Structure formats: C-alpha cells, structure tokens
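Since the model is a prediction, treat every value here as computed from it, not as a measurement.
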Amino acid sequence: MDADVATGAAGAGGPAHPADPGLSSEPTAPRPRTPEHALPGAPAASDWLALREKADAEARAIDLVEDLRAGHPAPGRILDLGAGTGSMARWLAPRMPGPQHWVLTDRDPALLAEAHDRLPTAARDGSPVTGEVRRVDITTLRAEDLAGHDLVTASALLDVLTAEEVDGLAAACVGAGCAALLTLTVVGQVRIEPAEPRDLPVAAAFDAHQQRVVGGRRLLGPDAATAAEDAFARHGAHVRSRSSPWHLGLDDVDLVVAWLHGWVAAAAAQDPDLARHADAYLARRLEAAEEGRLRVTVGHLDLLAMP
C-alpha cells in the first residue's frame, strides 16, 4: 500500500499533548539513520513490508477466517485493497477452499508486481489460485465497482482513510453483497517494556500524527477500527471483530528497530517540543532493542463483515 509511516504501526491512546515539562532534558545523541519507510509521508517500502509479514501473520485473528469459511465457504473472486507485496493473499489463500481469483490493488506498481509473482497457486483444498493486478481508487469505491466480487480484504489500511471513506467502503461492500475481512487496523495501544516516562508523550504525538489532515482529508488513525465497525453495522452487515496485537521481542529485533524509527519520527514531526528529545529517546530505545531487552506490544483490531 502506498501509505505513510502511520500505516501498520500504532501509538498509545489519548489526546496529543506536549512532552511532560517535568521530564528533564537529555543531551542530544547522534541521530540514527532513519529508514526511508520511516520518514513521515514516505511510501511503505518492500523491505518494511517484508520485515512485518511474520508479525502480521501471527497477529491476524484466525477465528475470523473460520467464521468466514463457515458463512462464505468459497469466496471465488477477492479484491485485496492496498495489497502491497501480497502478504494478505499469501496468508489467506491457503486457508480458504475453492478456486480463487485475487484482484490485487495498490498505487505502487513495483509492489504489485511482487505481489502477483508471489501469489499462492493452490487453495486449502488444492483448488487453483489465480490473480491479476489493478489500479483502484479506494477512496471512491461504489457497489457497482465490486460487482462480481465475493470478498474484499485489506491489511493495515483503514487508519489512513477518512470517516467518509470508511463509510463509503462499508456501503459499497454491503451494497454489492460482498464480505469484508479487514485486518491489522491500529487502535492506539502500545506497551513498551521496560517502560520509561517519555513513552506516553511519544505515543500521544504519534496518535495525533495519524489523525492529521493530509490534502484536506482528516485521517482516522486509531479511531478507524471503531468507525469501521459502526459503519458496516449501520449499513446492515453482520460484524465480528477480534484483537490482533503484535507481540514483539528478542526474535523480532529488526522489526522493532524499524518500527521504533517510524514511531518516533512521526511523533517528532507532529510535536516540535517533543522533537527536542526525540534523538536521545530513540537512541536509548534502539540500544535496548538491539540488546534484546525491549518488548513491544502494538494493538490492532481485525474485522469481519458479512452481508
């Protein structure tokens, strides 16, 4: 998905506020090199998507797939919104039976080419899996655009949409009789262990960054999951949701390091006062992560909406 640093990472809940004036100022440490994907406004790069794929797969709520199989056992034609390198298709296609045709959409043609090349070839029961790539404007989807599709999927997408766009997506899916499996929507919950006082203002600034106005569009950020649940229910879908947090530790050091870069960079971009402390904070957190002393939980929600 062509999305900024807010996509797929989560901040702690609560309103944005400046750093606690009671916290002492730290000396400025050398700024670690920020990966391209971590810069505010940067596209989600293939290497970042590769880093997070294992954590995504472990976090997604498998019981919602069981519910999907029970209520919609052969989805057939699947529209994957913001497909990136195709991790959703690689995860879901082998878990669903019957012939499947995946329509992979993204704004980045290089990511789409990789997604198509790495598409699974067989479904759960050995049926063939095929695919194509397509450019789709997610923000203006209508029911007629989903004609002939049985299922809409997305991963780490809803938080970069507006309330109106999420409502439009729900209306389109319900109007077309499409099921929707929307995973890994951030909910504004982050826990870092061991904790330190500056975690909370960084998390709050990150949440505010996710909810900023971009091109006249106010992003939903951590409010997206609730907005989606409400929108699909309001349009008449049967909605089920499950928590799907990342639990990151010693086996995920590379991902934790990359996530920290993006999390702190976005917070610093949002809050100029906080930016004065960002370098030293990031350096401390990176050192702890690289020494295997850091544990990070990032909250997400998975949603299944059935017509």
Undergrad: Return yes if some donor-acceptor pair links the side-chain N/O of Arg293 with the main-chain N/O of Glu290 below 3.5 Å, else return no.
TA: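 The answer is no, because no donor-acceptor pair under 3.5 Å joins these two groups.
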
Undergrad: Could you walk me through whether Arg240 and Asp63 pass salt bridge (Lys or Arg N to Asp or Glu O under 4.0 Å), step by step?
TA: CA-CA 10 Å; Arg240 300 174 186 131; Asp63 57 331; over 6 Å; no

Undergrad: Just wondering, more than 12 heavy atoms not from Arg242 lying within 6.0 Å of its CZ?
TA: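 More than 12 within 6.0 Å, yes.
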
Undergrad: Give me the one residue out of His209, Arg212, Glu165 that meets side chain to side chain contact (heavy atoms under 4.5 Å, CB included) with Leu219.
TA: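 Going through His209, Arg212, Glu165 one by one, the side chain to side chain contact (heavy atoms under 4.5 Å, CB included) with Leu219 is satisfied by Arg212 alone.
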
Undergrad: Within the distance-only criterion (no hydrogens, no angle test), does the side chain of Thr105 pair as donor or acceptor with the backbone N or O of Asp80 below 3.5 angstrom?
TA: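 Side chain of Thr105 to backbone of Asp80, a donor-acceptor pair under 3.5 Å: yes, one is there.
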
Undergrad: To the nearest 0.5 Å, tell me how far Arg52 CZ sits from Leu248 CG.
TA: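 It is 10.0 Å, given to the nearest 0.5 Å.
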
Undergrad: Could you tell me if the side chain of Ile192 sits less than 4.5 Å from the side chain of Leu294, heavy atoms only?
TA: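 Yes, their side chains come closer than 4.5 Å.
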
Undergrad: Grab the two heavy atoms, one from His277 and one from Asp273, that are nearest each other, plus how far apart they are.
TA: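 Where His277 meets Asp273 most closely, the heavy atoms are CD2-O, 3.7 Å.
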
Undergrad: Going by side-chain hydrogen bond (donor to acceptor under 3.5 Å, both in side chains), Thr183 matches just one of Ser155, Ser87, Ser244. Which one?
TA: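 Of Ser155, Ser87, Ser244, side-chain hydrogen bond (donor to acceptor under 3.5 Å, both in side chains) with Thr183 is met by Ser155 alone.
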
Undergrad: Applying side chain to side chain contact (heavy atoms under 4.5 Å, CB included) to Glu132 and His101, what does each step give before you reach the verdict?
TA: CA-CA 8 Å; Glu132 63 181 276; His101 184 76; 2.7 Å; yes

Undergrad: Please report the closest heavy-atom contact between Pro120 and Ala89, naming both atoms and the distance.
TA: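 Where Pro120 meets Ala89 most closely, the heavy atoms are CG-O, 3.7 Å.
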
Undergrad: Would you give the length of the straight line joining atom CG of Leu161 to atom CG of Leu220, rounded to the nearest 0.5 angstrom?
TA: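 Between Leu161 CG and Leu220 CG, I get 7.5 Å after rounding to 0.5 Å.
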
Undergrad: Can you sort out the partners of Glu58 under salt bridge (Lys or Arg N to Asp or Glu O under 4.0 Å), two or more places apart, ordered by chain and number?
TA: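 Testing Glu58 for salt bridge (Lys or Arg N to Asp or Glu O under 4.0 Å), a comparison that skips the adjacent residues, returns Lys54.
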
Undergrad: Using a distance-only test with no angle check, is there a side-chain donor-acceptor pair under 3.5 angstrom linking Asp159 and Thr185?
TA: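 Absent: no donor and acceptor within the cut-off.
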
Undergrad: What's the spacing between Glu229 CD and Leu158 CG if we round to 0.5 Å?
TA: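 Reported to 0.5 Å precision, the distance equals 10.5 Å.
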
Undergrad: In the hydrophobic clustering (ILVMFWY, side-chain contacts below 4.5 Å, transitive), which residues join Leu151, or is it alone?
TA: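 Leu151 shares its hydrophobic cluster with Ile62, Leu64, Val65, Leu68, Ile78, Met88, Trp91, Leu92, Met96, Trp102, Leu104, Leu112, Leu119, Val129, Val133, Leu181, Leu304, Met306.
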
Undergrad: For the residue pair Val103 and Val136, establish whether any side-chain heavy-atom pair is separated by less than 4.5 Å.
TA: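 When only atoms from C-beta onward are counted, Val136 and Val103 do not touch, as no gap falls below 4.5 Å.
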
Undergrad: Please state whether the rings of Trp263 and Tyr281 are parallel, tilted or perpendicular, taking 30° and 60° as the class boundaries.
TA: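 The arrangement is tilted - the two ring planes meet at 30° to 60°.
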
Undergrad: Sub-3.5 Å donor-acceptor pair from the side chain of Asp108 to the main-chain atoms of Leu111, do we have one?
TA: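 A pair under 3.5 Å: yes.
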
Undergrad: Do Pro222 and Gln189 come close enough that some side-chain heavy atom pair is under 4.5 Å?
TA: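 Counting from C-beta outward, Pro222 and Gln189 never come under 4.5 Å.
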
Undergrad: If we ignore hydrogens and angles and just use 3.5 Å, is the side chain of Asp150 paired with the main-chain N or O of Arg77 as donor and acceptor?
TA: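 Yes; judged by distance alone, with no hydrogens or angles, the pair exists.
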
Undergrad: Please report the closest heavy-atom contact between Ala170 and His235, naming both atoms and the distance.
TA: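 Closest pair (atom of Ala170, atom of His235, distance): CB-CD2, 4.0 Å.
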
Undergrad: For residues Glu164 and Arg217, determine if any side-chain heavy atom of one lies less than 4.5 Å from a side-chain heavy atom of the other.
TA: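 Sidechains of Arg217 and Glu164: no contact.
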
Undergrad: Are side-chain heavy atoms of Phe206 and Val186 found at a separation under 4.5 Å?
TA: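 A side-chain contact is absent here, since even the closest heavy-atom pair is not under 4.5 Å.
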
Undergrad: Starting from the C-alpha separation in whole Å, work towards a yes-or-no answer on salt bridge (Lys or Arg N to Asp or Glu O under 4.0 Å) for Glu144 and Arg142.
TA: CA-CA 5 Å; Glu144 52 267 30; Arg142 298 293 181 266; 5.8 Å; no

Undergrad: For Asp302 and Ser241, indicate whether the former's side chain and the latter's backbone hold a donor-acceptor pair under 3.5 Å.
TA: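 Judged by distance alone, no pair lies under 3.5 Å.
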
Undergrad: Please report the interatomic distance CZ(Arg198) to CZ(Arg285), rounded to the nearest 0.5 Å.
TA: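 Those atoms lie 11.5 Å apart.
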
Undergrad: In the structure I gave you, are the side-chain heavy atoms of Leu260 and Val256 within less than 4.5 Å of one another anywhere?
TA: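 Side chain of Leu260 against side chain of Val256, heavy atoms only: contact under 4.5 Å found.
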
Undergrad: What are the two closest heavy atoms between His261 and Leu282, and how far apart are they?
TA: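 Minimum heavy-atom separation between His261 and Leu282: ND1-CD2, 3.8 Å.
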
Undergrad: Can you name the nearest heavy-atom pair linking Pro245 to Ser243, along with the distance?
TA: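 Minimum heavy-atom separation between Pro245 and Ser243: CD-OG, 3.3 Å.
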
Undergrad: For the CZ atom of Phe232 and the CG atom of Leu182, what is their distance to the nearest 0.5 Å?
TA: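 Interatomic distance, Phe232 CZ to Leu182 CG, rounded to 0.5 Å: 5.0 Å.
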
Undergrad: Just verifying a value: how many Å separate Asp279 CG and Arg284 CZ, rounded to the nearest 0.5 Å?
TA: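 One finds 11.0 Å between CG of Asp279 and CZ of Arg284.
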
Undergrad: Considering non-hydrogen atoms only, spot the tightest contact between Ala143 and Gly175 and give its length.
TA: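 It is CB-C, 3.9 Å.
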
Undergrad: For Arg234, check salt bridge (Lys or Arg N to Asp or Glu O under 4.0 Å) against everything at least two apart and list the hits.
TA: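 Once residues adjacent in sequence are excluded, the partners of Arg234 under the salt bridge (Lys or Arg N to Asp or Glu O under 4.0 Å) criterion are Asp167.
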
